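Next up is a structure, given as structure tokens.
Read the numbers this way: they start at 1 and go in the same order the structure lists the ligands and their atoms. What's counted below: heavy atoms across the whole structure, side chains too, no hydrogens, waters or symmetry copies. Keep in mind it's a predicted model, so treat the numbers as computed, not measured.
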Amino acid sequence: MDHHEAAEHGSASIAPGNKPFDALSLRGWLAHLSATARVATIDKHVSLKHELAAIAKRLDGKQAAVFLAPGDHAIPVVSGFMSKRAWIAEAMGVAEKDLLKRFRDAADNPLPWSEVASREAACQQVVHTDGIDLHALLPIPTHSEHDNGPYITAGLVIARNPRTGVQNVSINRIQVHARERMAILLLPRHLHAFQKEAEAAGDALDVAVAIGVDPLTMLASQAISPIDFDELEIAGALHGAPLPVVKCVTNDVRVPAFAEIVIEGRILPNVREAEGPFGEFPKYYSAQEAREVIEVTAVTHRRNPIYHTIVPAEMEHLLLGAIPREATLLSHLQRSHPGVTDVHLSVGGVCRYHLWVQFAKKREGEAKNVILCAFGAHYDIKQVVVVDTDVDIHDASEIEWAIATRFQADRDLVLISGAQGSPLDPSTTVGQPDDVPSHLQGISTKMGLDATRPVVYAGHVFTRVRIPGHDAVDLKTLVAADNTGFDTYLSQSR
Ligand code: MN
């Protein structure tokens, strides 16, 4: 990878200056949304317990919600500022159809960050290191009915590999259960590997939790990249310029300098405390378990910070997972099957479990190979539907139409039982006792549907009905301003 080339590539396709907003900060994006009637401001007092999340959920996918008086706090809370694909494409500066390609280009051409001094870093304008009380400092909501207290749901957790020093960025759910202690869920990925490494040596792992960053940095944090690949470099590539970062006040972790709020701390070795239940992305609760613990060492923020919360399982949460995954899945499938033209993780499949694939089939049987390839790409994928290129895979009714008219279950269905699936899918636990060890959880059946038509068919049996000229009709020039002409005709014939 040549960083010089990457820089030219990145800036050629999208420079931050080309956008009608300050792309580097959350507040720049929010000002843009506000100027285009996409922000709903709630200035009445709202409770942090359930009420704030309830209102944000009602606005999900329509407008970003800004709460000016959350709980007893002076810090506003924002939610839902990236809850539509079109908005995310706009933040990237591309057409919606080019979203995945743009994300992939950025992931393939990362840009190293540039470090700025503390005095230039907005996120360190105010520094708290003594007597920290997270509940008093920050407006942290409790979201769902059975959640075990307030949760940080939109924090970019940044840590350094104890062996190599390379950073990792991920979003982890964090339960704030004491003034300066938080329990964190570590799934078996990179942050978890760093923590295991540090813990084996008897060390704490330094971390930072950045809250309130722009949509592109949020998205970059969700890239499915190899270990020792700093996701902040993808954020730089998406922005078309190196991301400005600053060293934390109490450790060596580098955080986005324009973040609204940063919580600094250390994951303690050999300490576990209760976390959960918590309502997760499949719209079910994760059970209470003993989790790793972050001891907070500092809280830094802008002079007038904004706190970001993601309402679990709503569109902001789902799309944040979907777009980086789709970009990765598309490149995975295309490596073996160049005929794959697009992929889509459906909202009904919680943007994780159901994958729709658009494919230019050349030979019979190929669609089943694509199905098998998709199952191997990520354990979360439970159902795959492969359709032809005349089917719009961003429209659920088009997929249903393809299944209704191009699929026969006895010859086109692929079932693979006993495979690894998502442990958060509650149907994988049916018939299991409560105390099943983790290595036996998430066993799932994969289902693939080949809903492609035959490569060769007689006459027009599989030709989609089309009306010539339909696409070119320009209603603006054809339709009269009012119905006077028709009304006159009706009155004459009475
Ligand atoms: Mn990573």
Next item on the list: Could you give me the CA-CA distance, side-chain angles and deciding distance for E90 and K19, then say whether salt bridge (charged side-chain N to carboxylate O under 4.0 Å, His left out) is met?
Entry: CA-CA 9 Å; E90 189 180 341; K19 295 184 189 171; over 6 Å; no
Margin query: Suppose we screen for ring-ring contact (aromatic ring centres under 6.0 Å, His included). Which residues come up paired with Y285, at least two apart in sequence or across chains?
Written below: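 Partners of Y285 under the ring-ring contact (aromatic ring centres under 6.0 Å, His included) test: H146.
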Margin query: I'd like to know if the side chain of T428 and the backbone of I443 have a donor-acceptor N/O pair within less than 3.5 Å.
Written below: no
Check residues 202-209 and write down every donor-acceptor pair under 3.5 Å in which the side-chain atom is one partner and the other belongs to a residue at least two apart or another chain.
none

Margin query: List the residues meeting salt bridge (charged side-chain N to carboxylate O under 4.0 Å, His left out) with E316, not counting sequence neighbours, and say none if there are none.
Written below: none
Margin query: For a 4.5 angstrom cut-off between non-hydrogen side-chain atoms, does N161 reach N168?
Written below: no
Next item on the list: Sort by chain and number the protein N/O/S atoms found under 2.8 Å from the Mn ion (ligand 1).
Entry: N168 OD1, H190 ND1, E231 OE2
